[in-house]
Amino acid sequence: MNLGVELETIIGGISRGAIYALVAIGYTMVYGILGMINFAHGEIYMLGMFAGIIMLAVLTTLGLTALGIAVCLVIGLLAAMVLAAAFGFSNERIAYRPLRRAHTLAPLISAIGVSTFLQNFVMNAQTKDKLDFPRAFSEPLWNIGWNIGSAHIALIQVIVLVMAVVLMAGLHLFVAHTKLGKAMRACAQDKTMAGLVGIPVDRVISVTFIIGSALAAAAGLMAAMYNGQTRFDVGYTAGIAAFTAAVLGGIGNIPGAMLGGFLIGLVEDLTAYHLGADWKQVAVFVVLMTVLIVRPRGLLGERVADKV
Amino acid sequence: MTILETRRLTKCFGGLTAVDAVNLQVEQGEIVSIIGPNGAGKTTYFNCLTGIYPATSGAILFRGSDITNRKPFVVTRLGVARTFQNVRLFAEMSALENVMVGQYCRTRAGVLRGLLRTPFARREFSQTATHAMELLEFVGLGHQTHTWGRNLAYGEQRRLEIARALATQPELLLLDEPAAGMNPQEVGAIIELIRKIRDQGKTVLLIEHHMRVVTGISDRIVVLDYGEKIAEGTPKDVCADPRVIEAYLGKG
Amino acid sequence: MNNGRRIVAWFFWLALIASPLVFVRPVYDWANGTWRAEFRADRWQMLWHEAPMWLVRHWTDFLTAAGLIAAGVAISWGWRRARPKLAAATPWRALDDWRTQLLGFVGIVMMLVLVCRHVGDTEIEWAVMACTYMVLAMGLNLTVGMTGLLVLGYAGFVAIGAYTFAVLHTQFGASFWMALAPAAVIGGALGFLLGLPSIRLRGDYLAIVTLGFGETVRFLIKNVIGEQSLVIARDARVPSLMSENVAWRWLFPDGLSRLKTELWVVAVGVLLSLWLVRNLMLSRIGRAWIAIREDETAAAAMGIPAVRLKLLAFTLSAAWAAVAGVFYVAHNTSANPEMFGFSESVLILSMVVLGGMGSLWGPVAGALVLYFVPELLRDRFPLLLSYRPMMVGALMVAMMIYRPQGLLGTLRRKIELTADEEETGS
């Protein structure tokens, strides 16, 4: 076995895992606060990709590439995050908020409806073929790299990892040290009580969706940059992988989502290397089934006793 | 015959002991009331009896055999039925269907006979429906057979729950606050109903706060406080017990 | 009019955030080797010029639609007013009566004969597919509607049935009729095996697990059996019934082509499904399923073995899908993995949701509205068909918010109890 390639695969897996971690955070935060799986979260990830690529194309058209790759990428990232946040916010208000008191399956069915709608909306609005990421922005990042032993790390992998870690750290600081973050934690523990002590629960929920969507969009754009292309239906497969990551780490637990993301990224890349790219989905499904049967609370989750 | 016995039944939720080593014996044909301040662990006790919560330790014996930690539907099949503190009817079914569902464990038509609606299935259907009608009459809901569960008045819903529990043909009936939220007239009707149930040979164990119900029909009263049994005896004895008074009213 | 203002505000907000995606397109400039963003003037044009013209031109259609909706509302309002009296007049018993059933049966047979004689092949094709979807939706209704288990990978079970037939055919030369039983058995067995570890999971987790299962099935088919379509030879499909028999010729001057025979077969399938589902709804098992859906804890407390019955619903529904899958492939004359993706599962689910979860005729209505109507209107309103997935998505959201009981609600039969019913034993 080629150790060099193995190591590269692992590095690639960690970069990919960082992306999944960002998306998994969105699933886990919404589950923690609302107790539902936001099935449409994968589509927000996909929207971020399209929005970012469009922004980059606009920048190129306006001749602003002179600003440099880094600046342009940041602008694209911001555009993606803003648009995705807008969609995520609207999603919650339109499709989930009216169903707060309905029985448990209603929000999930609604989420499936939103997911189908968004996927086909993008397919019709943009294109049903794959959309390439503007190489001018990503190629230089692939060309710069270092060699560690017989393995090669590209700058882009480092950037993806660093960006993801920065965003995750930022989220952690936000949740742990700001007033709004504390409000989010309170709502995740007990929505009713939080409302009774004066926390604006609806607003907190909106913020949760906005943050989760922005993170997913950032992840999406980075994934598009890394993979070189995207399509209207990538949200579906990535969503399932990220959801599995969230469950693996312990649903409702943000550090768990991060850990789960990295693990799933590793699982995927290692499977792709050893068995072939097609088997990635099966591997993810096997992980999901195993976790749900053997240890449903995930790696870092807490066992919750239900009171009848 | 001792129909129900719990030996040092204990239920802990993490650090909280909700039911603390409760010993209880209920004889067949008795009406026993469990009373105690809110949070004393009464409903938790019921949930352990019926298998909804696994007991942390201790034993539950029904008619001499151990039913500790058996699944709820098995416990019901063995002859223990219950009602709930917050009425849990099947909202999208009529009163009749609610009671018919209760007879599931006493009927036999399986999926194949159900799919094909064989003569056996049809006969069983008629029998089930007739029996359900009788039970509805018994609890005084004979005129509401086709009203949907969620459209019934509150008092009627409670009576429907009792009818549904009776449909499982239990020997021991656990009633969780059957008179809660009822006006004096309805309370009288409930007392009558419980007496009728006992006269049929069933044993009734009930949780109640309504002292009129408790003192009116109980053969014995058991008092729980903070999960422990602090008193037991005839209504007269229990009401005079200083520990009971203290539990409800506080010291001094 | 606060609500009106909110709706308008939301409309403009959504239009705003959607516009970058609708009006801007990244285009690769081959000459310069760069990307540029192209403003889609054609769509802008369409929005401001052609769309209003189209709306104005089709004002009659909007009037008709408004009229139909008004009629529907009036009928349901009148129905709700009349229902108490109708219940007293026991009309449901009329439907239970064997004479009415016979009349209905004869009516349907006559209608089918007329259809075969006078209706063109395109429309019959739509009818066959719509009926197939009806059967599929009724199968899904058992788990989603009656028992309350959300199943998202239903197409996977359809694929299992389809490929059982395809493989049995290509390897052993099995015909359509011969494949029905094996497909049911294999579908049911796989449903059971999937259910065993999963049925105890919470509702949304179970949904994701079934989703993963559907995808895994498709993946395994692609990689183990192959991506190309498996073709069903002519003699193994539903046969055409041509005959020189005088009576036959009088009934069907052109004989019954394969397509028309398929229509009869699937119509029988729909009627059979309706009968089976109705029986289940009246049966002890069906009541227990509904109790589980309503309140599982209370159902368990009433002696209902919830896990066992959920597993049963799962297995039955899987077998149902597999049998329908056999017909689907026979009709389509070939099977390939792309036919059984998640979007198919969602389409069938939306038919159940739209029609009314847990209702008898709901899936029929759902299949008609979501399959037959767009096909019927494809010339007038081609967009209905091409944008159907978007419509389906929006409909599911709207249904959950405004009418979770679907079009036909839980319009379940009232159980009437009088001496006559027991005597006639309907």
Side-chain angles (χ1 to χ4, degrees), chain B residues 50-52 71-78 80-84 87-94 96-98 100-119 121-130 132-133 145-146 149 161 164-165 167-170 174, chain C residues 84 87-88 90 96 142 146 148 272-273 275-309 312-313 315-316 320 357-359 405 409-410 412-419 421-426:
Chain B
T50 51
I52 291 182
K71 295 224 182 72
F73 77 91
V74 174
V75 172
T76 309
R77 239 196 284 181
L78 290 173
V80 182
R82 73 169 295 172
T83 63
F84 291 91
V87 174
R88 292 176 82 143
L89 287 178
F90 303 127
E92 299 271 319
M93 292 169 116
S94 68
L96 187 69
E97 287 171 319
N98 265 279
M100 284 173 80
V101 164
Q103 297 177 55
Y104 180 88
C105 54
R106 306 294 172 208
T107 43
R108 282 177 35 223
V111 67
L112 216 49
R113 287 195 266 214
L115 267 175
L116 302 173
R117 206 151 159 75
T118 61
R122 269 182 270 165
R123 252 179 300 139
E124 209 178 56
F125 177 84
S126 299
Q127 287 167 355
T128 310
T130 317
M133 284 288 317
T145 50
H146 295 299
E161 256 212 332
R164 190 180 62 174
T168 65
Q169 294 171 18
L174 306 176
Chain C
T90 68
D96 274 331
L142 294 179
M146 285 181 74
L272 185 65
S273 304
W275 182 70
L276 289 175
V277 174
R278 171 198 173 261
N279 287 349
L280 277 176
M281 284 183 175
L282 289 173
S283 75
R284 163 184 181 254
I285 302 279
R287 270 192 300 280
W289 279 343
I290 298 175
I292 292 173
R293 179 191 77 197
E294 291 295 308
D295 190 334
E296 191 172 328
T297 317
M302 294 302 123
I304 292 176
V307 172
R308 223 173 287 178
L309 285 179
L312 178 66
T315 310
L316 192 57
W320 203 289
M357 294 191 273
S359 82
Q405 71 269 41
T410 39
R412 294 174 50 241
R413 335 279 307 283
K414 295 236 167 59
I415 298 177
E416 303 282 4
L417 254 207
T418 55
E421 173 163 285
E422 287 137 69
E423 247 103 84
T424 57
S426 58

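In what follows, every heavy atom counts, from backbone to side chain, and hydrogens, waters and symmetry copies are set aside. Chain identifiers are assigned alphabetically (A, B, ...) following the order of the sequence lines, protein sequences preceding nucleic acid strands; residue numbering begins at 1 within each chain.
When each of C/L276, C/D295, C/L280 is checked for heavy-atom pairs under 4.5 Å with chain B, C/D295 comes out on top. In terms of heavy-atom pairs under 4.5 Å with chain C, the best-connected choice from B/A91, B/A81, B/P170 is B/A91. Highest contact tally toward chain C, considering only B/V111, B/V80, B/T128, is held by B/V111 [criterion: heavy-atom pairs under 4.5 Å]. For chain B, the option among C/A306, C/S283, C/A291, C/A299 with the highest count of heavy-atom pairs below 4.5 Å is C/A291. Heavy-atom pairs under 4.5 Å with chain B were tallied for C/G286, C/A288, C/P305; the largest tally goes to C/P305. When the candidates B/P72, B/A109, B/A121, B/G102 are compared by the number of heavy-atom contacts under 4.5 Å with chain C, B/A109 comes out ahead. Across B/T145, B/L115, B/T168, the residue that shares the most heavy-atom pairs under 4.5 angstrom with chain C is B/L115.
Side-chain contact between C/I285 and C/L309 is present, with at least one heavy-atom pair separated by less than 4.5 Å.
Side-chain atoms of C/E294 do not come within 3.5 Å of backbone N or O of B/L89 as any donor-acceptor pair. Side chain of B/E124 to backbone of B/R108: a donor-acceptor contact under 3.5 angstrom is found. Side-chain N or O atoms of B/R122 include one that pairs as donor or acceptor with a backbone N or O of B/R117 at under 3.5 Å.
Heavy atoms closer than 4.5 Å to chain B are found in the side chain of C/L312, but not in its backbone. Using a 4.5 Å cut-off between heavy atoms, B/R113 makes no contact with chain C at all. Both the backbone and the side chain of B/L116 come within less than 4.5 Å of a heavy atom of chain C. B/Q103 does not touch chain C: none of its heavy atoms, backbone or side chain, sits under 4.5 Å away.
In this view, B/T107 and C/R284 satisfy the side-chain hydrogen bond (donor to acceptor under 3.5 Å, both in side chains) rule, not counting sequence neighbours.
Remark: B/R77 fails to qualify as a cation-pi partner of B/F73 under the 6.0 Å distance and 45° angle criteria applied to the six-membered ring. The side-chain tip of C/R287 does not point at the ring of B/F90 from less than 6.0 angstrom away and within 45° of straight on.
Summarising the local packing, CZ of B/R106 is surrounded by more than 12 heavy atoms from other residues, nucleotides or ligands at distances under 6.0 Å.
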